[in-house]
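Here is the structure we will look at.
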Amino acid sequence: SNDEVFTPPEFANRMLDTFEAAWADANEGANIWASSTVTFLDPFTKSGVFLREIVSRLTTGLEDEIPDLDQRVDHILTKQVFGIGITELTSLLARRSVYCSKDATGQHSIAKSFTRDWGNIWFERTEHTWAGDKCGYCGASKAALERGEQLETHAYAFIHTSDVKARVARMFGADVQFDVIIGNPPYQLDDGGPSNSAMPIYQHFVEQATELRPRYVVMVTPSRWFAGGRGLDKFRDRMLTSHQLRNLVDFPKLYDAFPGVKIRGGISYFLWDRDYDGLCSIQTMWDGVALGEPVTRRLDEYDILVRRNESVSILEKVRSAGEPTLEHRVSAGKAFGLRTYFHGESTSAGLHDAVQLYGSQRISWIERADVPQHREWIDSWKVLMTAVQGTSAAVETKFLSRPIIAGPGSACSETYLVAGRFSTEGEAERLASYLRTRFLRFMVSLRKSTQHANRDVYSFVPDLPLDEEWTDEKLYARYGLTEEEIAFIESQVAAHDPIAVSGDAED
C-alpha cells in the first residue's frame with residue numbers, strides 16, 4: 001500500500017552502524033555482533049532487509065563462539081532475530097529473505113530448529129476496532145478500510161492494542177525481551193480523501209516500541225514531526241523533552257535517502273537510548289554526504305526541532321532581541337469564512353455592494369453581505385499570502401509565495417492568509433517588502449516542514465515596526481549576523497521576483 005516504503009540495504013546498514021557504535025560506547029568497546037544473547041525485533045518488517053542484514057553481521061561476529069556455520073545460523077534465527085509482518089505478503093517476503101523459505105520449517109529453510117512454519121516472523125490478520133467511523137487505535141476511516149476479507153485491513157498488530165507488552169508476549173513467548181527494536185514503520189493511512197488528509201501513524205509505532213523498554217530503538221520516519229504534522233504535537237513534545245534521543249541523522253532533500261519516493265519534508269532516523277539522558281548528536285546529510293561534523297545540542301530549546309545546525313546561532317541572535325513575532329498579525333485559515341473552491345461572479349456588474357474576492361487561481365466578485373466573517377476587514381489595505389507554498393523540486397528555496405497587496409473593498413478565500421491589515425497603502429507595501437526578504441523567509445523555513453504555510457510558520461519572524469522599508473542588508477545588520485551566517489541564509493533561500501499585484505501567486 002502507499003503507506004509502506006521499502007528501505008534500501010545501504011540505508012539499513014547505516015542505521016545498524018549507529019546502534020553498533022552506541023553499544024560499543026556503553027559496553028567498553030564490545031562488539032554487539034559478537035553477543036549470542038542480544039535480541040532484535042523489526043515490528044513492521046516488509047522485505048526483511050533489517051533482519052537479513054542483522055543475521056549477516058551476527059553470522060560473522062559469532063564465528064568464534066559458535067564455529068559450526070549451520071549451528072551458528074540456526075541459533076541466530078531461532079534465538080536472536082524476530083519480526084512482525086505488516087501484511088501477509090510482506091511476512092512471506094521477509095521469511096523468504098531471512099530463512100530462504102517462506103516456510104521456516106520447509107525443505108529449503110536455513111533454520112533447522114523451528115517447529116512452527118512462521119518461525120520468528122509473525123503475522124496474523126488483525127481487524128480495526130471501530131469507534132464510530134474511525135478506528136480507535138490508528139484513526140483509519142471505516143468507510144475506506146472496512147472492505148471484506150479479500151483485502152488487507154492494514155490494521156497493524158503492533159499498534160492495535162492497549163497493552164503492547166502482552167501482545168508481543170502472546171506472539172513470541174513471555175520470556176522474550178528485546179534489546180534492539182529497529183525498522184521503517186508505515187508512515188500514514190490513506191483514507192481515500194485529498195493527499196493532505198492522510199493520517200500519520202508512524203508515531204504510534206515509535207511510542208509502542210519505547211513502551212517495550214528495549215535498550216535501543218532505531219527507526220526511520222518522515223521528518224515533518226520536527227516542526228509540524230497533523231496529530232503530531234504531543235509526539236513531538238515527548239521526543240524533544242525526553243532527552244533519550246542520542247543520535248538523529250536527517251535527510252532534508254527530497255529523494256535523497258529513498259530514491260523515487262516522494263516524502264515531503266524529507267526523512268530521518270534516530271537512535272533512542274533507554275538509559276540515556278543528555279544532548280542529541282544531529283547530523284545533516286545531503287546527496288548522501290554528511291554536511292560537516294555532527295553537532296550535539298539540546299532538542300527542547302524551542303517548541304520545534306530546529307533542523308539545520310547552522311540555523312541555531314542565527315535563531316538565537318534573533319530571539320535574543322525579545323521582539324514580538326509575526327504570527328500574532330497573521331490571520332488563521334479561512335480568514336473571511338470562504339472555502340478554497342468558492343468563487344463569485346466574473347464581473348461586479350449587477351451587484352449591490354461588490355467586493356473583490358481573491359480566490360484560487362482567479363479574482364471574482366461577491367456581495368459584501370455574502371462574506372461570512374470579518375467584514376470589518378474588507379475596507380482595510382491587506383497583504384495576502386498563499387496558505388500553501390511548495391514546488392515539485394527536490395529542494396525548496398522560496399518557502400513563501402510573493403505577497404499580494406489587496407486594496408479596500410476586497411476579501412479572500414482560504415487560498416490565502418491575511419498577513420496584515422492597514423489603514424494606508426504604504427504600510428501594506430512595507431510589510432510586503434519585508435515578506436519578500438530572504439531573512440524573513442529563512443526564519444519561516446525553520447518551522448515550515450511541508451508545503452503548508454499556516455500562521456504558525458511565522459512564529460520565529462520578528463514583527464518589526466513598519467515605519468521604514470526593511471531590506472536584507474538592514475536585517476542582517478540589525479541582528480549582527482556574520483558573513484558565514486549570511487552566506488548560509490542566502491544558500492538556502494532564493495531571491496523573489498518583484499511583488500505580485502494580482503491573484504497570480506507563485507507555485
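The basis for the numbers below is simple: all heavy atoms, side chains too, and nothing from hydrogens, waters or symmetry mates.
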Salt-bridged, [X] to [Y], with N to O below 4.0 Å?
{"X": "D379", "Y": "R421", "answer": "no"}
{"X": "E316", "Y": "R319", "answer": "no"}
{"X": "E127", "Y": "R125", "answer": "yes"}
{"X": "R339", "Y": "E414", "answer": "yes"}
{"X": "E473", "Y": "R438", "answer": "no"}

Y202 and F44: aromatic ring centres closer than 6.0 Å?
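No: the rings miss the under 6.0 Å criterion.
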Identify the two heavy atoms, one from [X] and one from [Y], that lie closest to each other, and give their separation to 0.1 Å.
{"X": "L338", "Y": "D370", "result": "CD2-O, 4.2 Å"}
{"X": "T153", "Y": "L145", "result": "O-CD1, 3.9 Å"}
{"X": "D303", "Y": "R236", "result": "O-NE, 3.7 Å"}
{"X": "S449", "Y": "G228", "result": "OG-N, 3.8 Å"}

Between [X] and [Y], do the side chains contain an N or O donor and an N or O acceptor separated by less than 3.5 Å?
{"X": "D463", "Y": "T325", "result": "no"}
{"X": "S141", "Y": "K134", "result": "no"}
{"X": "Y269", "Y": "T18", "result": "yes"}
{"X": "Y156", "Y": "H154", "result": "yes"}
{"X": "S223", "Y": "D250", "result": "yes"}
{"X": "E483", "Y": "Y476", "result": "no"}
{"X": "T386", "Y": "Q389", "result": "no"}
{"X": "Q492", "Y": "S445", "result": "no"}

Greater than 12 external heavy atoms within 6.0 Å of E323's CD
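Enclosed.
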Inspect the surroundings of CD in E345 and state if more than 12 heavy atoms from other residues, nucleotides or ligands are less than 6.0 Å away.
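No.
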Looking at F460, I'd like to know if the NZ or CZ of R447 sits under 6.0 Å from its six-membered ring centre while staying within 45 degrees of the ring's axis.
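Yes, cation above the ring, under 6.0 Å and within 45°.
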N309 and side-chain hydrogen bond (donor to acceptor under 3.5 Å, both in side chains): which single residue from E293, Q283, R297 fits?
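The option that passes is R297.
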